[in-house]
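Counting starts at 1 for both ligands and their atoms, following the listed order. Numbers here simply count residues along the sequence, with the first being 1.
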Amino acid sequence: MTVRIGVVGTGAIGRDHTRRINQVLTGGRVTALSDVNPDSARSVKADVAPEAEIFATGEQLIESDAVDAVMVTSWGATHEAYVLAAIAAGKPCFCEKPLATTAEGARRIVDAETARDKRLVQVGFMRRYDAGYRLLKQAVDRDIGPVLMVHAAHRNPTVPPHYTTPMAINDTLIHEIDVLRWLLDDDYVSAQVVFPRRTFHAPGDLKDPQVVLLETAKGVRIDVEVFVNCRYGYDIQCQVVGEEGIASLPEPMSIVVRKDARLQNQILTDWKDRFIDSYDVELQDFLNAAAQGTASGPTSWDGYVAAISSDACVAAQEAPGAIVPIALPARPALYD
Ligand code: NAI
Ligand code: ISE
């Protein structure tokens, strides 16, 4: 069966996911596109989805009989309405992070999905599909004993002018919020944010870098440096300290060059390249599950927990140094 995919939001990642569905993966075809900027949808159609029909609105696309499953890759604040429409239509839905921009919005999605008692939503937390993180999880589960601490860093070379201080949490740190829960099989109980000296390269009034301190239910202490104008590259670091040893996320594969009295490795600069294989694996998982009329991978519950944790981190930004508690409601059986 070829799953007919409708894509809502055809910007950077919508275009790239459309390319991978049509040119790299098996079992799916992008047959419908929609964007508030119709030129964007037309350009994606011309470049990577020649047979796709362009719909005036995301809602019309979701309701169309020519669409079996939906991919939501529009701006974060628009995700909730489209995901709810896909659930109402009974169609599997891949939603890029964040699932919703508020915890209340994510809860509405959890409630709609549990009311149908069927998984329909996969959230785009692609790091769970990354070969490096999967190896790291094996080491955490088997080799280093109980985890005591995690030291992580999320560095972007630059960010666009509209990027704000809370986005360091709900747009950037949200990847660590999800992947570290998965890595440690744990949940957060508190968050604290401290601001080091501000980089000269931060635009406007953006506070950059930031250090986020998280504590988990098992007592693990996590520090994450979020530094989104680091200049030198796109760099994701994660070191897990256990009772019996330390495990670190592998560096991306890179040619080692000896030249001009230097030993050099390339550092990537674009998130699209850093996780290119993970996006392929995550979307193949989506297509395979969608062919069965369901969803796999990171759940609406994961998206909801990420939103609750992210809200606590933003509250912690607003009261630097304060420790903000994180409390989670009971998890519905659908997500066991
Ligand atoms: P972008 O700005 O390049 O593209 C977003 C597109 O959505 C634009 O073409 C815009 O016109 C369209 N759009 C906005 N509102 C809409 C609406 N109501 N209906 C239909 N289309 C609408 O942004 P980008 O970088 O592609 O990000 C999109 C989403 O993907 C964001 O939620 C972002 O957080 C997520 N993302 C995830 C990444 C990951 O590593 N998993 C990486 C980059 C983005
Ligand atoms: C972007 O939206 C992403 O998801 C990238 O993975 C992240 O590194 C970047 O900070 C975000 O803005």
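- Remark: distances from the non-hydrogen atoms of Tyr82 to ligand 1 include one below 4.0 Å.
- Of all the atoms in ligand 2, the ones that sit under 4.0 Å from a non-hydrogen atom of His175 are 3 (C), 4 (O), 5 (C), 6 (O).
- From the protein, the heavy atom lying nearest to atom 27 (O) of ligand 1 is Ile13 CG2, 4.3 Å.
- Using 4.0 Å as the threshold, Arg15 has no heavy atom nearer than that to any atom of ligand 1.
- With 3.5 Å as the limit, one finds a donor-acceptor pair spanning the side chains of Asn288 and Gln284.
- By the 4.0 Å N-to-carboxylate-O rule, Asp270 lies too far from Arg274 to be salt-bridged with it.
- Taking a cut-off of under 4.0 Å to the non-hydrogen atoms of His79, the atoms of ligand 1 that pass are 32 (O).
- Scanning all protein heavy atoms for the shortest distance to atom 15 (N) of ligand 1 gives Trp75 CE3, 3.5 Å.
- At least one donor-acceptor pair under 3.5 Å links the side chain of Arg198 to the backbone N or O of Ala202.
- The nearest protein atom to atom 4 (O) of ligand 1, hydrogens excluded, is given as Gly11 CA, 3.2 Å; this is a heavy-atom distance.
- In this structure, the separation between SG on Cys95 and CZ on Phe286 is 10.5 Å, given to the nearest 0.5 Å.
- Looking at Asp171 and Lys97, a side-chain N of the basic residue comes within less than 4.0 Å of a carboxylate O on the acidic one, giving a salt bridge.
- Not a single donor-acceptor pair under 3.5 Å links the side chain of Lys91 to the backbone N or O of Leu120.
- The Met126 neighbourhood of ligand 1 comprises atoms 40 (O), 41 (N), with distances under 4.0 Å to a heavy atom of that residue.
- Contact annotation for Thr57 and ligand 1: no heavy atom of the residue comes within less than 4.0 Å of the ligand.
- Near Ser74, meaning under 4.0 Å from one of its heavy atoms, ligand 1 places the atoms 7 (O), 13 (N), 16 (C), 21 (N), 22 (C), 28 (C), 29 (C), 31 (C), 32 (O).
- A donor atom on one side chain and an acceptor atom on the other are not found under 3.5 Å apart for Ser254 and Gln266.
- A donor atom on one side chain and an acceptor atom on the other are found under 3.5 Å apart for Ser296 and Asp285.
- Considering only non-hydrogen protein atoms, atom 3 (O) of ligand 1 sits nearest to Ala12 N, 2.9 Å.
- Look at Lys118 and Glu113 and you find no salt bridge, because none of the NZ, NE, NH1 or NH2 atoms lies under 4.0 Å from a carboxylate O.
- Contacts of Trp271 with ligand 1, taken as heavy-atom pairs under 4.0 Å, involve the side chain alone.
- The protein heavy atom nearest to atom 39 (C) of ligand 1 is Tyr279 OH, 3.4 Å.
- Interface of Asn156 with ligand 2, defined as ligand atoms under 4.0 Å from a residue heavy atom, comprises 8 (O), 9 (C), 10 (O).
- Set against the non-hydrogen atoms of His154, the atoms of ligand 2 under 4.0 Å away are 7 (C), 8 (O), 10 (O).
- Salt bridge annotation for Lys272-Asp16: absent, with no cationic side-chain nitrogen under 4.0 angstrom from a carboxylate oxygen.
- Heavy-atom proximity to Tyr234, at under 4.0 Å, picks out these atoms of ligand 2: 5 (C), 6 (O), 7 (C), 8 (O).
- Gly27 and Leu287 make their closest contact through C-CD1, 4.5 Å (heavy atoms, listed as atom of the first residue, atom of the second, distance).
- Looking at ligand 1, you won't find any N or O of Val8 less than 3.5 Å from one of its N or O atoms.
- Using a 4.0 angstrom heavy-atom cutoff, Gly124 counts as in contact with ligand 1.
- The minimum heavy-atom distance linking Arg181 with Arg128 is given by the pair NH1-NH2, 4.0 Å.
- Near His175, the atoms of ligand 1 lying under 4.0 angstrom from a non-hydrogen atom of the residue are 39 (C), 40 (O), 41 (N).
- Between Thr18 atom OG1 and Lys45 atom NZ the span is 12.5 Å, to the nearest 0.5 Å.
- Annotation for ligand 1: atoms under 4.0 Å from non-hydrogen atoms of Gly76 are 32 (O).
- Proximity of Phe125 to ligand 1, defined as any heavy-atom pair under 4.0 Å, is not found for any part of the residue.
- Residues Asp178 and Arg127 are not paired through a salt bridge, judged by the lack of any N-O separation under 4.0 Å between the basic side chain and the carboxylate.
- Screening Arg155, His154, Gln210 against Glu225 for a side-chain hydrogen bond (donor to acceptor under 3.5 Å, both in side chains) leaves a single residue, Arg155.
- Using a 4.5 Å heavy-atom cutoff, the side chains of Leu206 and Asn229 are in contact.
- Residue Asp171 approaches ligand 1 through these ligand atoms, each under 4.0 Å from one of its heavy atoms: 34 (O).
- Of all protein heavy atoms, the one closest to atom 8 (C) of ligand 1 is Asp35 OD2, 3.5 Å.
- Near Thr172, with a cut-off below 4.0 Å to any heavy atom, the atoms of ligand 2 are 9 (C), 10 (O), 11 (C), 12 (O).
- The protein non-hydrogen atom at the shortest distance from atom 37 (C) of ligand 1 is Glu96 OE1, 3.2 Å.
- When each atom of ligand 2 is checked for a heavy atom of Lys97 under 4.0 Å away, the hits are 1 (C), 2 (O), 3 (C), 4 (O).
- Counting only N and O atoms by type, the side chains of Arg15 and Ser43 include a donor and acceptor under 3.5 Å apart.
- Residue-level proximity to ligand 1 for Lys97 is carried by backbone and side chain together, each with a heavy atom below 4.0 angstrom.
- Salt bridge status for Asp39 with Arg42: present, with a side-chain N to carboxylate O gap under 4.0 Å.
- Of the listed options Val36, Leu99, Asp16, Val36 places a heavy atom closest to atom 16 (C) of ligand 1.
- Closest protein heavy atom to atom 12 (O) of ligand 2: Asp171 OD2, 2.4 Å.
- Heavy-atom distances between Lys272 and ligand 1 stay at or above 4.0 Å for every pair.
- For Thr78, every heavy-atom contact with ligand 1 shorter than 4.0 Å involves the side chain, none the backbone.
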